[in-house]
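Here's the structure, in structure tokens; my notes come after.
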Amino acid sequence: MNNTDIRQAFLNFFQSKEHAIVPSAPMVVKNDPTLMFTNAGMNQFKDIFLGNQEGKFKRVADTQKCLRVSGKHNDLEEVGHDTYHHTMFEMLGNWSFGDYFKKEAIAWGWELLTGVLKIDKNCLYVTVFEGDDKEGLARDNEAIEFWKQHLPEERILLGSKKDNFWEMGDTGPCGPCSEIHADIRSEAEKAKIPGRDLVNKGDPHVIEIWNLVFIQYNRMAGGQLVELPAKHVDTGMGFERLCMVLQGKKSNYDTDVFQPIIHVIAQKAGIKYGDEPTTDIAMRVIADHLRAIAFAIADGQLPSNVKAGYVIRRILRRAVRYGYAFLGFREPFIHDLIPVLIAQMGQVFPELVAQKDLITNVIREEEAAFLRTLSTGIQRFNAYITPPQPLPKKGGAGVEIAEATPTDTLSCVTRHVSQVIDGSFAFELYDTYGFPIDLTELMAREIGWTVDMEGFTTGLAAQKNRSRQDAIVDTSDWVTLVEDAGMPEFVGYDLLQADTWITKYRKVVSKGEELFHFVFAQTPFYAESGGQVGDKGWLISGDEKIEIINTIKENELIIHLSRSLPSVPSQKIIARVNREIRTNVANNHSATHLMHAALRKVLGTHVEQKGSLVDENRLRFDFTHFAKLSKDEIARVETLVNEKIRENIQLKEARSLPIAQAKALGAMALFGEKYGDHVRVITFDPGYSVELCGGTHVPATGQIGQFKIISEGAIAAGIRRIEAISGKKADEYWHSRESLLTEISDLLKNPKDLLKGVNNLLNENVDLKKQVAELDKLKARQLKEEFAAQVKHYNGINFLTAKVDLDAETVKNLAHELNASIPDLFLVLATETDGKATLTVMLSENLVKERKLNAADIIRELAKEIQGGGGGQPHIATAGGKNPAGIMAALEKAKGFVIT
RNA sequence: GGGGGAUUAGCUCAGUUGGCUAGAGCGUUAGACUGGCAGUCUAAAGGUCAGGGGUUCGACUCCCCUAUUCUCCA
């Protein structure tokens with residue numbers, strides 16, 4: 001059976017058991033502060049388990065794209081070294097929401113594996129929760145009884161709370177679970193050690209393939225468990241592992257899920273898979289990571305240097321690193337694997353096909369960027385291991401002593417003998433320059449050096465500690481004022497003010513700042529989402545008016561942020577949104593829709609939204625497009641948007657439209673966005689802009705006033721960013737441009753043709769510059785002649801002192817020019833500005849060499865006369881002082897250095 | 001969100017306890033050589049040293065702030 005058939009068999013089986021087959025949720029999670037990526041099949045049903053939401057179906061099954069790289073399940077550094085862990089994997093799952101329970105879950109699980117997929121019953125073991133005295137939980141005898149109907153008792157094993165009791169978090173729904181394990185060892189091995197002794201012992205060939213969770217308790221904040229009225233089933237089966245078992249392989253990577261990819265990698269590297277453990281690991285790492293990165297990008301998560309984007313970047317870099325270190329790749333290579341990945345998975349996951357170009361370009365660009373980072377690191381590494389060259393003679397006495405001192409020689413030798421890369425240097429390479437520590441080790445080993453790993457680890461620990469200290473957020477428990485309030489109702493599409501009450505609140509302390517989170521029974525406040533910022537406004541409780549500084553979402557819960565708490569939290573309140581801010585935000589949001597449509601009209605329908613930020617000042621829009629927008633294209637977009645504004649198109653809002661109907665209207669949906677069955681559709685002219693959107697909009701486009709693009713640029717390969725303004729901000733923009741123009745025109749005495757006026761000015765300027773340069777030359781010649789006449793000759797030295805009235809830069813230039821025209825020059829120039837005196841001493845090179853004169857020494861002596869200090873180089877030095885009266889004395893004193 | 005680094009000519013980058021009239025390579029322009037092209041040689045133009053403030057006789061260099069960007073951690 002190939003992998004496509006296996007996946008389909010699972011879905012068909014549960015469909016036959018009256019399950020609704022739902023699509024995979026995006027891998028990238030939004031609106032859940034505890035989670036960056038989907039890490040289990042149940043994530044998209046979290047609100048149902050938490051009781052926040054009713055499920056639409058009682059029975060559901062799907063295959064879910066999952067990514068496990070951060071947080072509790074952090075396998076990243078292990079992936080590739082073993083044969084069954086992955087970053088990105090598919091989780092096959094079936095769910096019952098208050099419908100069937102243990103009996104059916106167990107029976108169907110067994111029927112699918114042994115009846116439909118024909119796995120040898122004798123290879124399978126199951127585990128059951130053994131109970132826990134501390135929790136007062138009994139053994140899951142129910143499950144045992146059901147299992148006994150399918151397999152002999154000696155293959156039903158008991159497991160501890162750690163392995164067989166599943167909890168979502170510190171609080172919330174939980175319950176015992178039953179795992180199905182498969183023993184895929186050879187008959188000879190099975191004869192030596194019975195499989196039951198290896199279950200949950202880390203043997204790569206006796207592995208868990210399916211976990212059936214029976215959710216029957218709710219863990220309260222105090223730690224006690226309460227029986228749930230509605231019991232649920234939540235199962236998850238690792239698709240790649242199932243393929244391994246069914247295809248009779250010993251490694252997930254030997255299945256047809258990975259082999260085609262590994263084959264291409266091996267071909268490109270010119271190394272056979274199976275030749276050597278290190279190169280095998282590298283190929284597995286690349287094959288695994290390729291999938292994770294490609295799916296993440298398809299779901300709209302681009303590599304970046306923060307948060308989820310940074311996790312993706314790190315995965316990609318790990319793949320590049322392995323390819324670089326073990327397979328000899330020196331050029332971007334991962335993006336070349338996209339076609340084979342698409343051939344593999346494109347049919348099941350059409351988002352890969354649709355975004356092929358973007359995925360390829362983004363990966364290529366990231367690879368190239370990282371290879372540059374590596375080459376910088378290699379340079380720094382080489383500079384570090386190369387002993388410093390002996391210093392050329394500097395003229396100081398210190399050098400001679402150093403050359404003769406045995407200790408110095410010794411230290412030089414020590415450095416070579418010790419051959420240790422300092423831990424702090426290795427950490428600096430890693431931390432500041434992004435150079436991976438394992439590459440530092442590898443390169444050190446190649447030249448017979450070692451790395452002080454202890455020092456490196458110390459540095460890393462200190463860094464982690466700093467970050468952790470900073471990120472500490474102390475969240476208190478919710479204080480519930482109204483029990484069973486359910487989800488708050490959002491009324492902000494129609495109202496900006498509502499009479500309501502606080503259902504619960506809590507205190508959150510972060511970095512010494514104390515904030516309060518409120519949940520209202522109903523609220524006009526829009527919570528930050530879909531790129532639109534959260535509403536600001538006020539909570540009015542009796543005589544108190546408390547400022548709401550932001551509104552955010554946790555999953556579907558709308559939370560209002562404030563710096564203080566009303567004195568009587570339980571009384572009725574008025575929730576009032578700041579109207580002015582909301583209006584500006586709505587202007588920008590509707591303008592974004594108009595611009596999105598305009599971009600597709602002007603540039604083509606390949607334009608897809610990749611990110612959006614809308615606040616009261618501006619709008620920012622990232623979209624797919626492969627070239628810089630020309631001035632003309634920008635102008636056309638602006639013109640089109642402004643035309644649509646003037647048409648004053650009425651907003652058509654459909655609050656709850658079946659998604660199929662919305663798509664039929666041509667509504668633009670985003671990859672990586674999770675939509676329910678019913679969606680909100682925002683239309684400005686059915687023939688122009690139809691989008692799925694939860695944000696707040698203008699009643700008619702005329703309110704936007706006007707629209708202006710402020711900047712356009714690239715943010716990643718194939719992604720452009722536009723920033724624009726609308727309404728009042730656009731007014732302000734044009735006003736400032738106009739006043740600039742008026743000022744320029746005023747400066748030029750309001751010429752008839754301003755452009756011509758500026759051109760004339762520029763041409764005139766060029767001519768005048770030429771004339772000035774000529775005059776300067778002439779003046780310099782005259783000045784030099786003048787000074788030459790004043791030169792006094794002592795002992796073969798041309799001695800010249802003068803007080804001049806010039807700025808510092810000109811004095812320096814004059815000194816250099818005189819030096820160039822008068823040989824054997826000893827020059828002292830003095831100036832006086834703002835009650836301060838400045839001296840400059842210039843000596844010809846040959847005077848410095850032959851007569852051992854030093855301008856820096858001389859100037860220090862002269863500076864005493866003007867009560868100041870200074871210094872410089874042997875041939876030119878400057879000094880400043882606060883006593884201009886001493887200038888003449890200083891010039892007189894200079895003679896003393898020539899007449900000896 | 002926190003730490004570290006970077007920002008110098010159109011591009012890629014040097015600039016070593018603060019003092020060399022800020023340099024190199026590529027590119028640009030002009031001239032010469034060549035029958036033409038490719039090219040070679042010579043010369044020139046091109047810099048608010050990211051922006052602002054401070055310390056100093058003197059700041060590309062040291063300190064502070066801001067912006068942009070890279071990188072590590074959370």
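A, B, ... follow the sequence lines: proteins, then strands. Residue 1 opens every chain.
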Spacing of the C1' atoms in C73(B) and C64(B) (rounded, Å): 25 Å
C1' atoms of C60(B) and C13(B), separation to the nearest Å: 15 Å
Spacing of Gln873(A) atom CD relative to A59(B) atom P, expressed in whole Å: 14 Å
Whether Phe826(A) and Phe799(A) hold their rings parallel, tilted or perpendicular, with breakpoints at 30° and 60°: tilted
Base of G58(B) paired with side chain of Thr838(A) (donor-acceptor, under 3.5 Å): no
Glu366(A) CD to U71(B) C1', straight-line distance once rounded to whole Å: 12 Å
side-chain N/O Tyr430(A) vs C73(B) OP1/OP2, d < 4.0 Å: yes
Phe329(A) and Phe333(A) aromatic ring geometry - parallel, tilted or perpendicular at 30°/60° bounds: parallel
Sugar-phosphate, base or nothing in reach of Gly868(A), heavy atoms under 4.0 Å: nothing
C1'-based separation of G46(B) from G5(B) [nearest Å]: 29 Å
Distance below 4.0 Å between Arg314(A) side-chain N/O and C73(B) OP1 or OP2: yes
Protein-nucleotide distance (Leu827(A), atom CG; U21(B), atom P), rounded to Å: 14 Å
Pairwise P distance for C57(B) and C26(B), with rounding to whole Å: 43 Å
Separation of atom CZ in Arg317(A) from atom P in C73(B), rounded to whole Å: 11 Å
Integer-rounded Å distance: G4(B) P and Asn465(A) CG: 15 Å
Sugar-phosphate only, base, or nothing, as touched by Gly434(A) at under 4.0 Å among non-hydrogen atoms: sugar-phosphate
Distance in angstrom units between Leu460(A) CG and C72(B) C1', rounded: 8 Å
Crowding at NZ, Lys836(A) (>12 non-hydrogen neighbours, <6.0 Å): no
Phosphate OP1/OP2 of G4(B) contacted by Tyr433(A) side-chain N/O (<4.0 Å): no
Interatomic distance where CZ belongs to Phe435(A) and P belongs to U71(B) [whole Å]: 14 Å
Nearest-angstrom distance, C1' atom, U68(B) to U8(B): 16 Å
Lys893(A) atom NZ: more than 12 heavy-atom contacts under 6.0 Å: yes
Touch class at under 4.0 angstrom, heavy-atom based, for Tyr310(A) against every strand present: base
Over 12 non-hydrogen atoms of neighbours within 6.0 angstrom of CE in Met888(A): no
Value in whole Å for how far the C1' atom of G4(B) lies from NZ of Lys464(A): 17 Å
Touch class at under 4.0 angstrom, heavy-atom based, for Arg860(A) against every strand present: nothing
Pair assignment for U16(B), Watson-Crick or G-U wobble, requiring both distances under 3.5 Å: none
Asp431(A) (side chain) and G3(B) (base): donor-acceptor pair under 3.5 Å: yes
Distance, C1' atom - from G4(B) to U21(B), rounded to whole angstrom: 36 Å
Other residues, nucleotides, ligands: >12 heavy atoms within 6.0 Å of Glu365(A) CD: no
Integer angstrom distance from the P of C20(B) to that of C72(B): 38 Å
Check: Gln463(A) side chain, G4(B) base, donor-acceptor under 3.5 Å: no
